[in-house]
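For reference, the structure discussed in these notes is given below.
Hydrogens, waters and symmetry mates are skipped; everything else that's a heavy atom, side chains included, is used. Here, residue 1 is the first one in the sequence, and each next residue gets the next number.
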Amino acid sequence: MKQQSTKMILFPWFVCALGAIVYSYEYLLRMSPSVMQDELMRFYHLTGLQYGYLSGSFYYFMYVIMQIVVGLLMDRYGPRRLLTAACFFCAMGAWLFACSHQLIFAMAGRFLIGFGSAFAFVGATKLATIWLPPERFAIISGIILCLGMVGAMFGDTVLRALVDTIGWQPAIRSAAVSGIVIAFIVWVVVRDTNPYHYIKHHHVSTMSEVLSGLWRMLGNKQLWIVGTVGCLFYLFLSAFAEFAAPAWLHQVHHLTRSHAANATSMVFLGCACGAPFWGLISDYFRRRRIPMIIASSGALISFCTLLYVRDLPITTVYVLLFLFGFLSSVQILVFAVARELTSVRSAGTAIGMINMLVMISGLVFPPLIGKLLDLNWSGLIEEGSRVYSATTYTIAFTALPIGIFVGILLTLCIRETYCNVTYADSDVVHTIGH
């Protein structure tokens, strides 16, 4: 009996940890171009706009359009097969990206990585709704995001070291092989049903029920507002840390390439620490809006200090980058709000819809910032790569604080859920407070 009880406690966490590892792996692939920006621009002779398309748009295009479909599939078929296939597609995309010598094939590789990555976060959070207590969804989502940031930090430090040692193509090929291994482990361990949980019906029985739930969500104005807020708050990753932060730190704050990558990892470290923290704080006080407003306002101040104050001490730069990531990670609460506005049986679809809106930031803003960089470029080229001035970066990155400020204003329009969990799957829902 004791052994059975231990299994009941530990195995659900192990299953969800594997889902989080898949998310961490896809995150490493997602942000990998940022630590090899100069190498990619030199190898493919890219402009800033083209780099924005390669690193952001070709990844996020497939990621974004797949999100609702992924949510529907997760609710209908469960996460085991889908997460296994997702790892495989990410690995194949990484291999194609690493082996290509023409830009079109590199973009196709990023396209495949985006397709596979589309399943990762939704699948990980769907596993959480199946295997772990629903009243702790915010903190669990924070832990999942935390592990994703560990993958990003691994990319910033270890991947940069690999690029310096063996080159960017062998480094990405190594990551591709790792994806095949993860896919095999997920297939062997993960299960779609939880025999220990008191909620037995985790998936709807027919696609018509899934589509009916989707139709109700599309008509829910609150979900659209929540998703838009998440999109604007996510700019700290999609349009900064994942995009051009290392190059900006190298050019503006005069860090070496290696130190710039390490400094960028402070954003991911801050996010890794902040996401579980904000989930815990939000659950404890049974509030979603107030933590979002306070933390995002602090993130806005931190980034504006980094962007507009020149000649900051290096230690201050590191601290501000950490604070920016820590405070911006409050964005994870939008998924808890979405979960509380919908039923457990439609959780995958709701999370997919919100994640689609969130990831639009990566589809739109990297090319926008890349275009702004090109418009203000002085024409300087070093070792085959464009060099942008500090003023040019300041002008381009001003789009971020504007977006975050608009997100803060929209947060005031979100209805407070008080952490009440929805269990019914109809227009009239029932909630349980805690």
Check this for me: [X], atom [atom1], are more than 12 non-hydrogen atoms of other residues, nucleotides or ligands nearer than 6.0 Å?
X: Arg42; atom1: CZ; result: yes
X: His253; atom1: NE2; result: yes
X: Ile290; atom1: CD1; result: no
X: Phe43; atom1: CZ; result: yes
X: Phe322; atom1: CZ; result: yes

From the list Leu323, Leu312, Asn262, side chain to side chain contact (heavy atoms under 4.5 Å, CB included) partner of Tyr318 resolves to Asn262

Atom of [X], atom of [Y] and distance for their closest heavy-atom approach:
X: Leu159; Y: Ala171; value: CD1-CB, 3.9 Å
X: Leu232; Y: Ile404; value: O-CG1, 3.9 Å
X: Pro79; Y: Met74; value: CA-SD, 3.5 Å
X: Ala183; Y: Cys87; value: CB-CB, 3.5 Å
X: Ser302; Y: Leu327; value: OG-CD1, 3.9 Å
X: Ala175; Y: Leu28; value: CB-CD2, 4.3 Å

Of Phe397, Tyr51, Tyr234, the one forming a ring-ring contact (aromatic ring centres under 6.0 Å, His included) with Phe243 is Tyr51

Using a 3.5 Å distance criterion without hydrogens, assess whether the side chain of [X] forms a donor-acceptor pair with backbone atoms of [Y].
X: Ser297; Y: Ile293; result: yes
X: Gln331; Y: Ser328; result: no
X: Gln169; Y: Ser100; result: yes
X: Ser282; Y: Arg287; result: yes
X: Trp224; Y: Leu218; result: yes
X: Ser265; Y: Met153; result: no
X: Trp278; Y: Ile281; result: no
X: Glu416; Y: Arg289; result: yes
X: Ser24; Y: Leu147; result: yes
X: His250; Y: Thr256; result: no

Exercise. Test Thr305 against Thr316 for side-chain contact (heavy atoms from CB on, under 4.5 Å), laying out the working first.
Key: CA-CA 10 Å; Thr305 304; Thr316 303; 6.0 Å; no

Find out whether [X] and [Y] are in side-chain contact, i.e. whether some heavy atom of one side chain is under 4.5 Å from a heavy atom of the other.
X: Thr129; Y: Lys126; result: yes
X: Leu18; Y: Val22; result: no
X: Ile395; Y: Leu375; result: no
X: Phe11; Y: Val189; result: yes
X: His259; Y: Ile314; result: no
X: Cys146; Y: Met149; result: no
X: Thr47; Y: Trp377; result: no
X: Leu237; Y: Phe268; result: yes

With ring centroids as reference points, do Tyr388 and Trp248 lie under 6.0 angstrom apart? no

Original post:
Between Phe97 and Trp168, is the ring centre distance below 6.0 Å?
Top reply: yes

**Asked** With under 30° as parallel and over 60° as perpendicular, where do the rings of Phe324 and Phe240 fit, or are they tilted in between?
**Response** perpendicular

Check your understanding: Is the closest side-chain donor-acceptor distance between Ser238 and Tyr59 under 3.5 Å?
Key -> no

(message) Under 3.5 Å, is there a donor on one side chain and an acceptor on the other for Tyr393 and Asn376?
(response) no

Rounded at 0.5 Å granularity, tell me how far [atom1] in [X] sits from [atom2] in [Y].
X: Ile182; Y: Glu26; atom1: CD1; atom2: CD; value: 11.0 Å
X: Tyr27; Y: Leu145; atom1: OH; atom2: CG; value: 7.0 Å
X: Ile414; Y: Thr228; atom1: CD1; atom2: OG1; value: 9.0 Å
X: Ile130; Y: Thr193; atom1: CD1; atom2: OG1; value: 8.0 Å
X: Met266; Y: Leu249; atom1: CE; atom2: CG; value: 11.5 Å
X: Phe335; Y: Thr125; atom1: CZ; atom2: OG1; value: 7.5 Å

Evaluate side-chain contact (heavy atoms from CB on, under 4.5 Å) for Arg310 paired with Thr394, printing each intermediate quantity in order.
CA-CA 11 Å; Arg310 299 292 174 85; Thr394 300; 3.3 Å; yes

Report all side-chain donor-acceptor pairs from residues 60-69 shorter than 3.5 Å, counting only partners two or more places apart or in another chain.
from: Tyr60; atom 1: OH; to: Glu242; atom 2: OE1; distance (Å): 2.5
from: Tyr63; atom 1: OH; to: Asn355; atom 2: ND2; distance (Å): 3.1
from: Gln67; atom 1: OE1; to: Asn355; atom 2: ND2; distance (Å): 2.9
from: Gln67; atom 1: NE2; to: Tyr63; atom 2: O; distance (Å): 3.1
from: Gln67; atom 1: NE2; to: Ala118; atom 2: O; distance (Å): 3.0

Would you be so kind as to tabulate the donor-acceptor pairs closer than 3.5 Å made by side chains of residues 103-113, with sequence neighbours excluded?
from: Arg110; atom 1: NE; to: Leu54; atom 2: O; distance (Å): 3.3
from: Arg110; atom 1: NH1; to: Leu29; atom 2: O; distance (Å): 2.8
from: Arg110; atom 1: NH2; to: Arg30; atom 2: O; distance (Å): 2.9
from: Arg110; atom 1: NH2; to: Ser55; atom 2: O; distance (Å): 2.7

**Message:** Salt bridge or not between Asp38 and Arg386? Use side-chain N to carboxylate O under 4.0 Å.
**Reply:** no

Practice problem: Please lay out, stage by stage, how Trp187 and Arg81 fare under the test side-chain contact (heavy atoms from CB on, under 4.5 Å). | Solution: CA-CA 7 Å; Trp187 177 257; Arg81 288 169 289 181; 3.4 Å; yes

I'd like to know whether Leu321 forms a side-chain contact (heavy atoms from CB on, under 4.5 Å) with Thr264, so could you lay out the CA-CA distance, the side-chain angles of the two residues, the decisive distance to 0.1 Å, and finally the verdict.
CA-CA 7 Å; Leu321 287 169; Thr264 302; 5.9 Å; no

